[in-house]
Trainee: 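First the structure, then my questions, so here it is.
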Amino acid sequence: MNPNQYRQVRLEKLEKLKALGLDVWPRKAERSIGIGGILEAFGGLDGPALEAEPHTVSVMGRIIAYRDSGKTAFLNLSEGGEKLQIYTRKDALSETEWEVVRLLDMGDFISVTGTLMRTKTGELTVKAARVQFLSKALLPLPEKWHGLQDKELRYRQRYLDLVSNPEVLHTFILRSKILAGIRHYMEQQNYLEVETPMMQPIPGGATARPFITHHNALDMALYLRVAPELYLKRLIVGGFHKVYEINRNFRNEGLSVRHNPEFTMMESYAAGEDLRDVMVLTENLFSEMAKLCGGLERPFGENTLSYATPFRRLTLKDAIAQYGAIDRARLERSEDIVQLAKDAHLEDIAKKSPGVLLGELFEHHAEKQLLQPTFITDYPIELSPLTKTLPDNDLFVDRFELFIGGMELANAYSELNDPVDQLGRFMAQMQEREGGNDEAMMLDLDFVNALEHGFPPTGGLGVGIDRMVMLMTNAASIRDVILFPLMRPQTARDETANDADEPE
RNA sequence: GGUUCCUUAGCUCAGUUGGUUAGAGCAGCUGACUCUUAAUCAGCGGGUCCAGGGUUCGAGUCCCUGAGGAACCA
């Protein structure tokens with residue numbers, strides 16, 4: 001039975017439905033209430049209560065189960081991840097409608113009008129008095145018990161994944177609720193949502209390789225943004241007090257269970273604030289979202305994570321010392337740091353400064369072990385070209401990254417607002433770039449110019465929304481929380497071989 | 001980039017040491033059944049075993065190359 005044979009059989013049924021005089025592709029469904037609404041409004045009523053005071057409803061949905069027993073048939077309709085049983089019997093329908101019921105397939109959409117009842121097993125059911133045919137599915141649904149299991153098909157044909165795996169639909173419904181929850185929380189904190197360019201002439205705000213594209217009319221290169229940071233800061237210069245943006249960033253990097261080339265980030269900036277204020281904002285955001293999703297204790301893989309505030313604070317060096325079982329004093333001496341880097345088999349050690357090596361030692365020894373929410377603070381200045389230095393140490397900056405479940409979830413600074421210092425940091429990045437580091441930042445002179453017009457002390461934050469949703473929904477892969485994750489095209493490579501000049 | 005694993009019917013999966021005509025369930029088709037719950041019962045149809053090459057008397061199974069996917073490492 002190949003897909004064409006299924007189509008053929010169902011096309012024939014469609015012709016039979018037309019022959020009954022039906023509009024088989026009607027424009028609108030008869031519907032007085034949704035399935036969710038029925039469950040909410042009548043889910044508490046028992047059989048006698050429904051009989052005493054009959055409720056007539058019109059519902060629509062996709063047929064996800066069909067149990068036919070002669071002159072009756074039970075159907076399950078699905079809408080928005082909720083399902084409802086329909087009871088049809090020959091003697092309760094017109095001859096035409098009974099014919100329609102017999103020509104239905106799983107996957108079809110119908111609307112049913114009838115009264116609510118309880119079956120003998122107690123299930124809430126609509127007893128059909130009228131049936132409206134809405135749409136024919138020409139192709140079969142995946143297996144009804146196991147759903148669609150093949151991961152490749154689930155990502156490539158997400159619509160089938162959503163239809164046949166209800167928990168997937170619920171994950172994405174929860175994602176929407178988290179997004180709404182974040183906006184609600186930020187609004188409560190008096191932040192304004194803004195939108196800044198996603199196509200930028202100079203990509204800035206993060207050390208990452210950008211995607212490049214071309215604008216024909218202006219004949220100029222444009223980059224998909226790696227971060228909105230430099231534009232949001234311009235808004236603080238312009239007089240916005242507190243702003244945030246939730247949108248996509250694009251980074252031309254590999255794919256993994258934690259990385260998708262386009263991912264959703266929330267960035268926020270608050271004038272007059274510093275890193276301590278941003279920490280409070282951040283931990284409250286996470287704990288509020290955990291509450292929204294069921295409670296402060298959330299399962300993640302093998303662990304239970306607690307979002308009770310305050311979150312733990314740990315300096316970068318302390319984290320390396322603690323998780324790497326390394327004498328803390330050695331992290332103060334450059335030659336010891338180099339030796340530790342060798343011990344950890346880091347690459348290109350000779351080319352890297354002690355600060356860069358500290359960052360890599362942290363990733364090597366500590367990152368994956370930071371399961372419970374932890375703020376890591378006091379980053380080396382080389383890793384943080386947009387951040388104010390610590391008051392008592394100009395080699396380290398006032399920055400935190402938040403780690404949960406072994407992943408980086410957030411990144412925040414006391415923003416550098418000294419334009420002269422900022423220009424110097426850009427120059428250092430330019431040197432990095434010339435040295436072959438294509439992740440180093442590009443010089444954005446207009447941004448420096450904006451700072452020269454006066455930029456108040458500001459606390460800034462970036463939160464990885466996909467990873468936050470992973471935590472809240474206990475998803476093992478970022479692909480399980482992105483509706484359409486990037487996949488290599490399935491078409492044969494020789495059909496799309498015009499990218500053959502791309503060096504691999 | 002490296003290592004390991006996966007790809008068999010529309011879907012979910014079996015397939016023994018390399019040996020006859022590749023199996024099951026769901027889905028589908030025909031029939032029975034007026035309260036079913038993965039409905040049940042009887043019968044029927046459905047395969048580019050990911051692709052290409054090789055070894056062999058014989059390959060879904062072994063080897064090589066490629067494609068796509070998954071996990072781990074860097």
Side-chain angles (χ1 to χ4, degrees), chain A residues 1-13 16 47 50-51 63-78 83-93 98 101-108 114-128 136-157 159-161 163-166 253-259 301 341 344-349 360 363-364 367-368 406 475-480 485-497 502-504:
Chain A
M1 198 75 182
N2 68 41
N4 273 329
Q5 290 170 289
Y6 276 91
R7 281 187 84 239
Q8 200 50 49
V9 168
R10 294 189 178 202
L11 283 169
E12 283 164 15
K13 288 185 183 176
K16 289 180 188 167
L50 290 169
E51 263 177 57
I63 298 168
I64 56 165
Y66 187 104
R67 294 179 294 278
D68 158 35
S69 60
K71 298 186 179 62
T72 65
F74 287 85
L75 323 177
N76 288 348
L77 290 190
S78 165
K83 62 176 191 177
L84 181 67
Q85 181 168 264
I86 306 297
Y87 175 39
T88 61
R89 22 185 312 149
K90 187 176 183 194
D91 58 17
L93 293 172
W98 181 245
V101 168
R102 290 164 58 90
L103 287 168
L104 293 175
D105 282 300
M106 290 219 266
D108 292 355
T115 52
L116 285 162
M117 56 170 269
R118 294 271 175 188
T119 62
K120 69 177 185 189
T121 55
E123 182 162 346
L124 188 63
T125 300
V126 177
K127 185 177 173 187
K136 189 89 197 149
L138 297 179
L139 292 173
L141 291 175
E143 217 257 6
K144 66 180 172 185
W145 188 241
H146 299 92
L148 189 64
Q149 292 298 317
D150 186 283
K151 282 197 175 183
E152 184 176 351
L153 285 179
R154 291 180 47 201
Y155 298 142
R156 288 189 194 280
Q157 295 180 272
Y159 43 92
L160 287 181
D161 191 25
V163 167
S164 67
N165 299 324
E253 293 163 359
L255 288 72
S256 82
V257 288
R258 295 186 184 79
H259 298 88
H345 305 291
L346 302 183
E347 289 181 346
D348 301 327
I349 294 169
E360 295 188 7
E363 286 177 22
H364 180 81
E367 180 165 348
K368 290 230 167 77
S477 169
I478 199 167
R479 297 184 151 196
D480 295 330
L486 184 69
M487 299 288 282
R488 195 188 294 269
Q490 242 175 344
T491 48
R493 207 169 169 72
D494 50 5
E495 282 179 39
T496 51
E502 188 75 19
E504 296 287 321

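The shown structure was predicted, so the numbers you read here are calculated from the model rather than taken from an experiment. Proteins get letters first, then strands, A, B, ... in listed order; numbering begins at 1 in each.
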Trainee: Of the listed nucleotides (B:C35, B:C11, B:C29), which one gets closest to any side-chain atom of A:Asp105?
Mentor: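 Closest of the options to the side chain of A:Asp105: B:C29.
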Trainee: Which value, in whole Å, describes the distance between the C1' atoms of nucleotides B:C13 and B:G60?
Mentor: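 Each nucleotide's C1' atom is 15 Å from the other's.
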Trainee: Ignoring backbone atoms, test whether A:Lys127 places a side-chain nitrogen or oxygen under 4.0 Å from the OP1 or OP2 oxygen of B:C35.
Mentor: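 No, outside the criterion.
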Trainee: For nucleotides 69-74 of chain B, give me one character per nucleotide, 5' to 3': B if any protein heavy atom sits under 4.0 Å from the base, S if the only such contacts are to the sugar-phosphate, - if neither.
Mentor: SSS--S
Trainee: Assuming nearest nucleotide by heavy-atom distance, tell me which of A:Pro142 and A:Thr125 is located more 5' along RNA chain B.
Mentor: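 Comparing both residues, the 5'-ward one is A:Pro142.
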Trainee: Please, what dot-bracket string fits RNA chain B when only Watson-Crick and G-U pairs with both distances under 3.5 Å count, crossing ones use [ ] and pairs to another strand use |?
Mentor: (((((((..((((.....[...)))).(((((.......))))).....(((((..]....)))))))))))).
Trainee: Is the base of B:U37 touched by the side chain of A:Glu123 through a donor-acceptor pair closer than 3.5 angstrom?
Mentor: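 It does, because a donor-acceptor pair links the side chain of A:Glu123 to the base of B:U37 below 3.5 Å.
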Trainee: In whole Å, what is the span from the CG atom of A:Asp68 to the P atom of B:U37?
Mentor: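 A:Asp68 atom CG is separated from B:U37 atom P by 13 Å.
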Trainee: Whether A:Lys144 contacts B:U37 is assessed here as follows: a side-chain N or O lying under 4.0 Å from the phosphate OP1 or OP2. Is that the case?
Mentor: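 Indeed not, no polar side-chain atom of A:Lys144 lies that close.
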Trainee: Please state the P separation for the pair B:A22 and B:U37 - nearest whole angstrom.
Mentor: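 Here B:A22 and B:U37 have their P atoms 36 Å from each other.
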Trainee: What integer number of Å spans the C1' atoms of B:C5 and B:C35?
Mentor: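 The answer is 49 Å between these two C1' atoms.
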Trainee: In whole Å, measure the gap between the C1' atoms of B:U8 and B:U3 for me.
Mentor: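 Here B:U8 and B:U3 have their C1' atoms 26 Å from each other.
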Trainee: Quick one: is B:U36 close enough that its OP1 or OP2 comes under 4.0 Å of any side-chain N or O from A:Lys120?
Mentor: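 Indeed, a polar side-chain atom of A:Lys120 lies that close.
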Trainee: What's the closest nucleotide to the A:Pro140 side chain, out of B:C35, B:A27, B:G28?
Mentor: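 Closest nucleotide among those given: B:A27.
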Trainee: Confirm from the modelled atom types if A:Ser69 and B:U40 form a donor-acceptor pair under 3.5 Å, side chain to base only.
Mentor: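 Donor-acceptor pair under 3.5 Å: no.
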Trainee: For B:A39, does either OP1 or OP2 sit under 4.0 Å from a side-chain N or O belonging to A:Arg67?
Mentor: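 The answer is yes; a side-chain N or O of A:Arg67 sits under 4.0 Å from OP1 or OP2.
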Trainee: If you count heavy atoms of other groups shown closer than 6.0 angstrom to NZ of A:Lys13, is the number above 12?
Mentor: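 Yes, because the 6.0 Å sphere around NZ of A:Lys13 holds more than 12 heavy atoms from other groups.
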Trainee: Determine whether a donor-acceptor pair (N or O, by modelled atom type, separation under 3.5 Å) exists between the side chain of A:Glu143 and the backbone of A:Trp145.
Mentor: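 Indeed, once roles are kept as given, a pair shorter than 3.5 Å links the two residues.
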